[in-house]
Amino acid sequence: MAADKVCKTVHQYNSEPVACEDMQKLIYIAEDYRKVKNYVYARFGGIGSLSKIYPGYTVQNEMTGSGYRETLGMPSVYFYLAIFDALADIKSQWTRTKSKSMKLVNKNKSFTEDEKHYLRFVLKVNNAFDAVLNRKPIELAAKLMKQYRELVERVDAEKLHRYLCRQVRKNHMKLHTDAADVFAIAERAYRYDDHGIYISIKEKRKRIYIPLTDNNRYKCQLRIKLYPQEDRVEIKVPVNVTVRRHADYSNQVGVAIGFYTMLTTDEGRGYGEELGRYQTEYSDWVQEQTRRYRKNKGDNPGRKKYYAKKRRLEEQLHSYINQELNRFLTAEKPKTVYIVKLPKPQAGGYSKKINYSVSLWQRGYIRKRLTQKCKEQSIEIVEVIGKGISDECSRCGGIGKKAEGNFICPICGYQTEEKRNTAQNVKKRGQGDGIVY
């Protein structure tokens with residue numbers, strides 16, 4: 001992708017309810033798509049297939065020769081997309097396994113620096129990693145082999161290999177999916193026309209027609225998400241858009257993310273001040289509906305209306321978040337946005353109701369949309385470590401007190417809104433105050 005382009009996902013929706021018969025035909029494709037992915041997970045997700053998943057053509061050839069496509073009666077246009085979809089998941093899982101193992105290596109105080117260096121080398125070089133896990137001799141290109149020989153002379157390689165194998169056994173999981181409501185579709189399997197889209201199905205030379213809410217046409221791989229209970233589909237389209245650059249966007253802005261006010265800047269301006277009301281209404285409704293469902297579960301209560309209203313509430317909330325993010329960027333005109341690196345949600349809290357509300361907090365969505373919008377506007381985002389950031393005085397660095405949304409420093413007497421003080425600290429750390437946190 002060109003440097004002045006950025007990828008974003010646009011969505012298309014059906015304008016009329018999808019007929020039950022047509023929805024069932026799409027479900028058949030999604031179910032076969034799921035089966036192919038699980039077949040690939042089971043067959044190529046283990047250590048014995050590490051050498052086959054990069055770049056993946058070996059897997060493709062073996063799957064072609066397996067006869068599994070003919071067994072399912074699945075069109076090739078969906079079959080091969082499912083294979084490479086599953087391969088991408090397997091590669092991601094191996095990346096997570098390696099990252100976890102790398103963290104454990106770095107934390108292990110019983111290893112010498114030479115041993116840690118050796119293990120990092122093995123984790124980073126795919127051929128070496130594959131050979132260690134499969135108990136094979138390590139054979140590398142000449143330059144890498146020279147580095148390996150220098151490292152292996154200073155360590156007990158066999159001991160380290162056993163350690164690495166143990167960590168992989170503990171942390172690596174074979175994948176499996178039960179979701180039969182989504183599939184990818186290549187350009188030759190669909191056609192836009194008649195204010196809608198024609199999608200190929202399992203029957204030869206047959207397509208179903210879905211009317212759409214817009215007339216946009218795309219030529220790329222699409223992702224179809226099915227909602228059978230709501231008689232609707234969602235089409236996700238990756239498109240490359242031109243990055244916009246603004247000569248007047250020159251400000252350095254620190255922001256604090258909140259539950260009630262979405263963003264507070266270091267100057268004290270707030271954006272998304274109704275976010276708390278939207279989120280509380282949403283979480284209260286979900287909690288009440290969950291309670292009713294559990295109470296009446298024996299009477300087999302329907303969920304179609306529940307999912308429809310839940311989707312409407314989420315769309316309303318997301319629409320408000322995007323609207324306020326656009327307002328923030330237009331008003332603040334930032335060149336750089338400083339933001340706290342969000343920690344993982346913590347267990348416990350003041351009450352079940354508050355815990356439930358926080359569990360539905362859209363902070364991940366806010367962060368994701370802010371990041372995307374900044375990319376599209378050529379705005380830099382700088383993450384800072386958030387340890388103790390809300391307790392520290394942004395003026396003198398002392399530890400202050402928080403009460404009723406305000407911050408008071410007993411050392412220098414500085415007083416301001418709590419979130420503004422946090423945003424000032426975010427900006428201070430992001431610009432580098434010389435302290436390692």
Side-chain angles (χ1 to χ4, degrees), residues 7 9 11-12 14 18-95 173-193 196-210 212 217-228 232-239:
C7 183
T9 301
H11 299 77
Q12 291 184 300
N14 53 299
V18 179
C20 291
E21 183 181 352
D22 290 342
M23 179 63 77
Q24 192 57 53
K25 291 175 181 177
L26 294 175
I27 290 173
Y28 288 150
I29 296 171
E31 177 61 29
D32 284 352
Y33 200 89
R34 180 189 71 84
K35 289 177 180 177
V36 172
K37 289 183 70 173
N38 283 334
Y39 187 91
V40 175
Y41 292 154
R43 185 167 173 177
F44 301 101
I47 61 173
S49 298
L50 261 172
S51 61
K52 298 178 181 178
I53 63 176
Y54 298 98
Y57 297 113
T58 302
V59 174
Q60 180 183 357
N61 293 336
E62 288 191 18
M63 288 295 291
T64 300
S66 69
Y68 194 54
R69 184 177 78 83
E70 290 76 12
T71 301
L72 294 175
M74 189 179 188
S76 61
V77 71
Y78 296 118
F79 182 73
Y80 291 108
L81 286 179
I83 292 171
F84 283 100
D85 207 353
L87 274 176
D89 293 339
I90 291 172
K91 291 175 185 178
S92 296
Q93 182 61 33
W94 275 115
T95 300
M173 296 183 297
K174 275 198 175 183
L175 299 169
H176 181 83
T177 180
D178 293 320
D181 57 359
V182 64
F183 59 90
I185 180 170
E187 185 182 343
R188 61 194 179 95
Y190 68 85
R191 172 172 59 87
Y192 284 103
D193 206 352
I197 186 171
Y198 290 88
I199 298 177
S200 296
I201 56 176
K202 292 183 69 172
E203 299 173 47
K204 289 185 178 180
R205 295 186 176 85
K206 296 281 186 177
R207 296 191 179 198
I208 63 167
Y209 170 71
I210 299 175
L212 299 176
R217 301 184 177 196
Y218 303 97
K219 292 185 176 181
C220 60
Q221 182 176 304
L222 311 178
R223 199 160 190 85
I224 311 294
K225 173 73 173 175
L226 308 178
Y227 297 89
R232 72 181 185 95
V233 300
E234 181 182 38
I235 303 174
K236 298 181 180 181
V237 189
V239 296

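Taking CD1 from Ile201 and CD1 from Ile29, the interatomic distance works out to 7.0 Å, rounded to the nearest 0.5 Å. Here CG of Leu226 is found 11.5 Å from CD of Glu31. Values are rounded to the nearest 0.5 Å. Expressed to the nearest 0.5 Å, how far OG1 of Thr177 lies from NZ of Lys35 amounts to 13.5 Å. One distance of note links NZ of Lys37 with CG of Leu81; it measures 11.0 Å at 0.5 Å rounding. In this structure, OH on Tyr78 lies 10.5 Å from OG on Ser76, to the nearest 0.5 angstrom. Expressed to the nearest 0.5 Å, how far NE2 of His11 lies from OG1 of Thr9 amounts to 6.0 Å.
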Run the side-chain donor-acceptor check on residues 42-60: report pairs under 3.5 Å with partners two or more places apart or on a different chain.
unit_1: Arg43; atom_1: NH1; unit_2: Tyr39; atom_2: OH; d: 3.1
unit_1: Ser49; atom_1: OG; unit_2: Arg43; atom_2: O; d: 3.3
unit_1: Lys52; atom_1: NZ; unit_2: Glu62; atom_2: OE2; d: 3.1

Return all side-chain donor-acceptor pairs below 3.5 angstrom for residues 180-187, not counting sequence neighbours, or 'none' if the list is empty.
unit_1: Asp181; atom_1: OD2; unit_2: Lys225; atom_2: NZ; d: 2.9

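Of all heavy-atom pairs between Met173 and Gln93, the closest is O-CG, 3.4 Å. Of all the heavy atoms in Leu72 and Asp32, the pair that sits closest is O-OD2, 3.8 Å. Among all heavy-atom pairs drawn from Tyr41 and Lys174, the shortest one is O-CD, 4.3 Å. Nearest heavy atoms, Pro238 versus Cys220: O-SG, 3.7 Å. When all heavy atoms of Ile235 and Leu212 are compared, the pair lying nearest together is CD1-CD2, 4.1 Å.
The shortest side-chain heavy-atom distance between Arg69 and Met63 does not fall under the 4.5 Å cut-off. Proximity of Ile199 to Lys25: side-chain heavy atoms (C-beta onward) are nowhere separated by under 4.5 Å. Between Arg191 and Ile197, the closest side-chain pair of non-hydrogen atoms is not below 4.5 Å.
Qualifying ring pair (Phe, Tyr, Trp, His ring centres under 6.0 Å) partners for Tyr218, counting only residues two or more places apart in sequence or in other chains: none.
A donor-acceptor pair shorter than 3.5 Å can be found between the side chains of Gln12 and Tyr192. In summary, the side chains of Arg207 and Ser200 do present a donor paired with an acceptor at a separation below 3.5 Å, with no hydrogens or angles considered.
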Between Arg223 and Asp85, does the side-chain contact (heavy atoms from CB on, under 4.5 Å) criterion hold? Intermediate values first, please. CA-CA 11 Å; Arg223 199 160 190 85; Asp85 207 353; 2.8 Å; yes

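Taking the ring axis of Tyr227 as reference, the NZ or CZ atom of Arg232 stays within 45° of it and closer than 6.0 Å to the ring centre.
By the neighbour-count criterion of 12 heavy atoms within 6.0 Å, atom CD of Glu21 is sparsely surrounded, having that number or fewer from other residues, nucleotides or ligands. Atom NZ of Lys202 has more than 12 heavy atoms from other residues, nucleotides or ligands within 6.0 Å.
A donor-acceptor pair is defined here as one N or O able to donate and one able to accept, closer than 3.5 Å; no such pair exists between the side chain of Asp22 and the backbone of Ile208.
Between Met74 and the choices Tyr28, Tyr33, Tyr80, Tyr68, the side chain to side chain contact (heavy atoms under 4.5 Å, CB included) rule is met once, by Tyr33.
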